K.L.:
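So that we are looking at the same thing, I have put the structure below in structure tokens.
Each chain gets a letter, A, B and so on, in the order its sequence line appears, and its residues count up from 1. Not measured: the values here are computed from a predicted model.
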There are 2 protein chains.
Amino acid sequence: MRYIQKAEYGVPPNTSIDESDPLFVQAIARAMQVLSTFHEAGKPLTLNEIAAAGGMGKSAAQRVVHTLRQLGYIDRDADDRGYVPGIRILDHTRDYLRMNPLVARASPVLMELRRNVRERVDLSLRDGLRLVYAARLQSKRETFFATLVGQSVPIYCTSGGRAVMAHMSDAEVDEIIERSVRREITPRTITDPAAIRAKVQEARENGYALALEEILQGEIAIATALVSPDGTPLGAIHIAGSLSEWDAESFCRRFAPLAGEAAGAINRF
Amino acid sequence: MRYIQKAEYGVPPNTSIDESDPLFVQAIARAMQVLSTFHEAGKPLTLNEIAAAGGMGKSAAQRVVHTLRQLGYIDRDADDRGYVPGIRILDHTRDYLRMNPLVARASPVLMELRRNVRERVDLSLRDGLRLVYAARLQSKRETFFATLVGQSVPIYCTSGGRAVMAHMSDAEVDEIIERSVRREITPRTITDPAAIRAKVQEARENGYALALEEILQGEIAIATALVSPDGTPLGAIHIAGSLSEWDAESFCRRFAPLAGEAAGAINRF
DNA sequence: ACGAATGTATCGTACAGCGATACATTGTCT
DNA sequence: AGACAATGTATCGCTGTACGATACATTCGT
């Protein structure tokens with residue numbers, strides 16, 4: 001039995017909480033902290049690992065895990081060797097997806113788009129310095145792990161991220177670049193601030209953003225932004241293909257108009 | 001802006017918790033209770049609604065919501081009119097999906113299956129009296145809301161459920177039937193215990209289960225069970241099509257072998 | 001067979017979270 | 001417009017919950 005794929009190029013969400021907030025319930029923070037331990041895990045976890053990772057005592061971890069287990073948010077591994085996330089999580093996934101108006105509005109358009117495009121089509125939503133994939137329509141050849149709902153990627157070095165940044169002020173863009181932990185995820189990841197700004201500018205002019213192998217070797221992706229009525233960028237639509245089948249120019253010529261149309265259909269108020 | 005689709009035919013999970021458990025952390029239960037309020041909601045919720053639904057005081061709801069908001073598990077609605085589930089939920093979705101060995105093992109097989117089948121293909125996992133959809137490869141014509149990850153259906157009246165029950169003892173089957181709140185979701189939903197037992201027996205003999213419009217009008221579905229090495233049923237693979245294109249017999253003849261093969265490929269330890 | 005690491009149980013004390021209440025702000029009805 | 005109802009926000013003293021240390025049980029690894 002194998003357990004694979006931890007965070008990898010995923011981005012941890014911002015969990016910098018304000019200490020000494022009179023309304024803040026610490027027990028809840030502990031619970032979520034425990035659940036979040038799995039973000040970095042590649043295998044079922046033991047109580048001690050959870051306690052250590054959460055910076056809490058063994059007793060605290062024990063009680064939290066016990067409680068979450070009763071409620072179904074944590075399970076025992078199939079072989080009873082450790083703890084894994086529980087199925088009740090999916091109930092909340094459903095709630096999130098169906099109550100997010102952007103997802104609801106975008107989905108039919110995405111499926112229509114997928115009909116005209118034999119490549120992977122994704123919807124991502126902005127959360128701080130990252131984009132979180134909310135809906136993914138995989139192409140024929142994709143592997144499962146590359147296309148998980150909830151997967152997240154940095155804004156600074158992705159097509160979707162740059163499409164989003166294209167709808168921000170220069171100051172905001174700079175702040176994102178500044179605060180991001182930039183590293184070369186692949187050899188072709190663009191990490192230089194000036195170069196990123198240039199790509200954002202390019203996206204502004206083209207109306208779409210392009211990224212070549214910045215996250216995954218051999219992957220080409222273009223994206224267009226989804227914006228709220230007041231112009232705030234909320235997320236992006238991605239079309240991703242393989243460089244073994246496409247060169248950048250023909251990929252853009254073929255898919256940029258489609259991606260633009262799709263975004264347009266969603267963005268109308 | 002519209003917010004649609006609440007629980008409907010979804011099944012609420014079993015949250016009957018043991019009172020007076022010395023290790024039970026009530027604050028966590030409260031937090032999850034609050035998040036679970038959205039299961040039944042068709043629109044953004046107010047503080048008072050959350051408090052009332054959770055059977056707690058306004059202050060308690062206030063603190064819980066405040067905390068979950070800080071952590072990103074609850075957001076304000078786009079128009080600042082109410083509370084909605086937050087995007088951090090998706091991080092845990094990803095954890096669940098990738099750390100569940102059955103999902104991991106089944107996914108490539110599912111995609112291969114989808115390649116040979118132009119209909120919807122689903123993977124569901126058992127949780128008590130219900131099946132929870134964990135992976136869904138939609139066909140061309142599906143609407144988004146019909147194919148949400150996290151959607152759940154009762155065991156007693158679905159193809160997947162009967163495929164699962166086929167791998168249980170008669171006593172276990174009876175218990176499921178007994179404990180389920182059986183109602184006619186559609187006019188064709190089978191709710192009579194004896195009739196259900198007969199359908200289970202039929203599934204045992206055929207190696208697959210069939211359901212006709214028991215959940216959704218016009219839908220036909222067949223399913224095969226996924227079992228652990230010791231024979232315990234863990235979930236099912238579904239193939240679902242439309243009665244406007246298929247009659248029961250040809251649907252089975254065409255897809256039963258494929259569903260069986262797929263389940264077989266996954267079940268080999 | 002042994003030792004190390006796991007999950008489980010117990011218990012008195014401190015402080016976290018409870019509920020009542022009061023305030024602020026928004027939207028709605030006539 | 002003006003008043004009202006309903007929303008989210010803040011404050012505070014008391015109670016009871018969750019804390020951590022420790023001891024026990026059980027499984028795993030070698």
Side-chain angles (χ1 to χ4, degrees), chain A residues 1 3 17-35 37-38 41-86 230, chain B residues 1 3 17-35 37-38 41-86 230:
Chain A
M1 199 150 313
Y3 300 89
I17 52 163
D18 180 17
E19 278 306 311
S20 76
D21 172 344
L23 291 190
F24 195 80
V25 182
Q26 320 214 352
I28 298 178
R30 278 239 187 63
M32 292 336 214
Q33 165 102 45
V34 164
L35 284 178
T37 310
F38 294 112
K43 57 164 189 46
L45 298 173
T46 71
L47 238 192
N48 291 318
E49 286 172 326
I50 292 173
M56 62 185 83
K58 192 179 165 182
S59 298
Q62 178 190 2
R63 262 172 292 118
V64 172
V65 167
H66 175 85
T67 305
L68 288 172
R69 207 141 99 83
Q70 299 274 328
L71 299 173
Y73 296 97
I74 286 185
D75 261 352
R76 218 78 229 298
D77 176 41
D79 322 321
D80 202 44
R81 294 170 143 276
Y83 296 104
V84 293
D230 67 2
Chain B
M1 199 149 313
Y3 299 89
I17 51 163
D18 181 17
E19 277 308 309
S20 76
D21 172 344
L23 291 189
F24 196 80
V25 182
Q26 320 213 354
I28 299 178
R30 277 239 188 62
M32 292 334 215
Q33 164 103 45
V34 164
L35 284 178
T37 310
F38 294 111
K43 58 162 188 47
L45 297 173
T46 71
L47 238 192
N48 291 319
E49 287 171 326
I50 292 173
M56 62 184 84
K58 192 179 165 183
S59 298
Q62 178 189 3
R63 263 171 291 121
V64 172
V65 168
H66 175 84
T67 306
L68 288 172
R69 209 145 101 85
Q70 299 276 326
L71 299 173
Y73 295 97
I74 285 184
D75 261 353
R76 217 79 229 298
D77 176 41
D79 322 322
D80 201 44
R81 292 171 146 274
Y83 297 104
V84 293
D230 66 3

K.L.:
For A:A27 and for A:K58, locate the closest nucleotide of DNA chain C by heavy-atom distance; then report the residue assigned to the nucleotide nearer the 5' terminus.
P.N.:
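Whichever sits nearer the 5' end wins; that is A:K58.
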
K.L.:
For C:dT26, does OP1 or OP2 lie under 4.0 Å from any side-chain N or O of B:R81?
P.N.:
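Checking B:R81 against C:dT26: no side-chain N or O falls below 4.0 Å of OP1 or OP2.
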
K.L.:
What's the verdict on side chain to side chain contact (heavy atoms under 4.5 Å, CB included) for B:T46 and B:I50, showing C-alpha distance, side-chain angles and the deciding distance?
P.N.:
CA-CA 6 Å; B:T46 71; B:I50 292 173; over 6 Å; no

K.L.:
Do A:S59 and D:dA18 share a donor-acceptor pair, side chain to base, under 3.5 Å?
P.N.:
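Donor-acceptor pair under 3.5 Å: no.
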
K.L.:
Look at all strands and tell whether B:T46 reaches a base, only sugar-phosphate, or nothing, counting heavy atoms closer than 4.0 Å.
P.N.:
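Sugar-phosphate contact only.
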
K.L.:
Nearest whole angstrom, please: distance from the P of C:dG7 to the CG of B:L23.
P.N.:
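Roughly 14 Å, once rounded to whole Å.
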
K.L.:
Using a 4.5 Å cut-off on heavy atoms from C-beta on, say whether the side chain of B:D77 contacts that of B:Y83.
P.N.:
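Not touching, per the 4.5 Å side-chain cut-off.
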
K.L.:
Can you check side chain to side chain contact (heavy atoms under 4.5 Å, CB included) on A:E49 and A:T37, steps first, answer last?
P.N.:
CA-CA 9 Å; A:E49 286 172 326; A:T37 310; over 6 Å; no

K.L.:
Report the residue (A:L45 or A:I28) whose heavy-atom-nearest nucleotide on DNA chain C is the more 5′ of the two.
P.N.:
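Nearest-nucleotide comparison on DNA chain C picks A:L45.
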
K.L.:
Tell me: CD of A:Q26 to P of C:dC15, nearest whole Å?
P.N.:
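After rounding, the gap between these two atoms is 12 Å.
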
K.L.:
What is the distance, to the nearest angstrom, from the CZ atom on A:F24 to the P atom on D:dA10?
P.N.:
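About 15 Å, once rounded to whole Å.
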
K.L.:
Provide, to the nearest angstrom, the distance between the CG atom belonging to A:D77 and the C1' atom belonging to C:dG7.
P.N.:
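A:D77 atom CG is separated from C:dG7 atom C1' by 14 Å.
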
K.L.:
Return the value, rounded to whole Å, for the distance between atom CZ of A:R76 and atom C1' of D:dT26.
P.N.:
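Roughly 12 Å, once rounded to whole Å.
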
K.L.:
Nearest whole Å is fine: how far is D:dT27 C1' from A:L47 CG?
P.N.:
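It works out to 14 Å between those atoms.
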
K.L.:
Both A:A60 and B:N48 contact DNA chain D. Which one's nearest nucleotide lies toward the 5' end?
P.N.:
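Nearest-nucleotide comparison on DNA chain D picks B:N48.
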
K.L.:
Between A:T67 and A:V64, is any pair of side-chain heavy atoms under 4.5 Å apart?
P.N.:
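The answer is no, as the side chains (C-beta and beyond) never meet within the 4.5 Å cut-off.
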
K.L.:
Tell me the interatomic distance from B:I50, atom CD1, to D:dA6, atom C1', rounded to whole angstroms.
P.N.:
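In whole Å, D:dA6 C1' and B:I50 CD1 are 15 Å from each other.
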
K.L.:
Side chains of A:H66 and A:Q70: closer than 4.5 Å at any heavy-atom pair?
P.N.:
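Side-chain contact under 4.5 Å: yes.
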
K.L.:
Please determine whether a side-chain nitrogen or oxygen atom of B:R30 lies at a distance below 4.0 Å from atom OP1 or OP2 of C:dG17.
P.N.:
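For B:R30, the contact criterion (side-chain N or O under 4.0 Å from OP1 or OP2 of C:dG17) is not met.
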
K.L.:
Roughly, in whole Å, what's the span from OH in A:Y83 to P in C:dT6?
P.N.:
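My rounded result for the distance is 11 Å.
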
K.L.:
Taking for each residue the nucleotide of DNA chain D bearing the nearest heavy atom, is the 5' side occupied by A:D80 or by A:M56?
P.N.:
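Comparing both residues, the 5'-ward one is A:M56.
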
K.L.:
Would you say the base of C:dA9 and the side-chain of A:Q62 have a donor-acceptor pair closer than 3.5 Å?
P.N.:
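When only heavy-atom distances are counted, A:Q62 does reach the base of C:dA9 through a donor-acceptor pair under 3.5 Å.
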
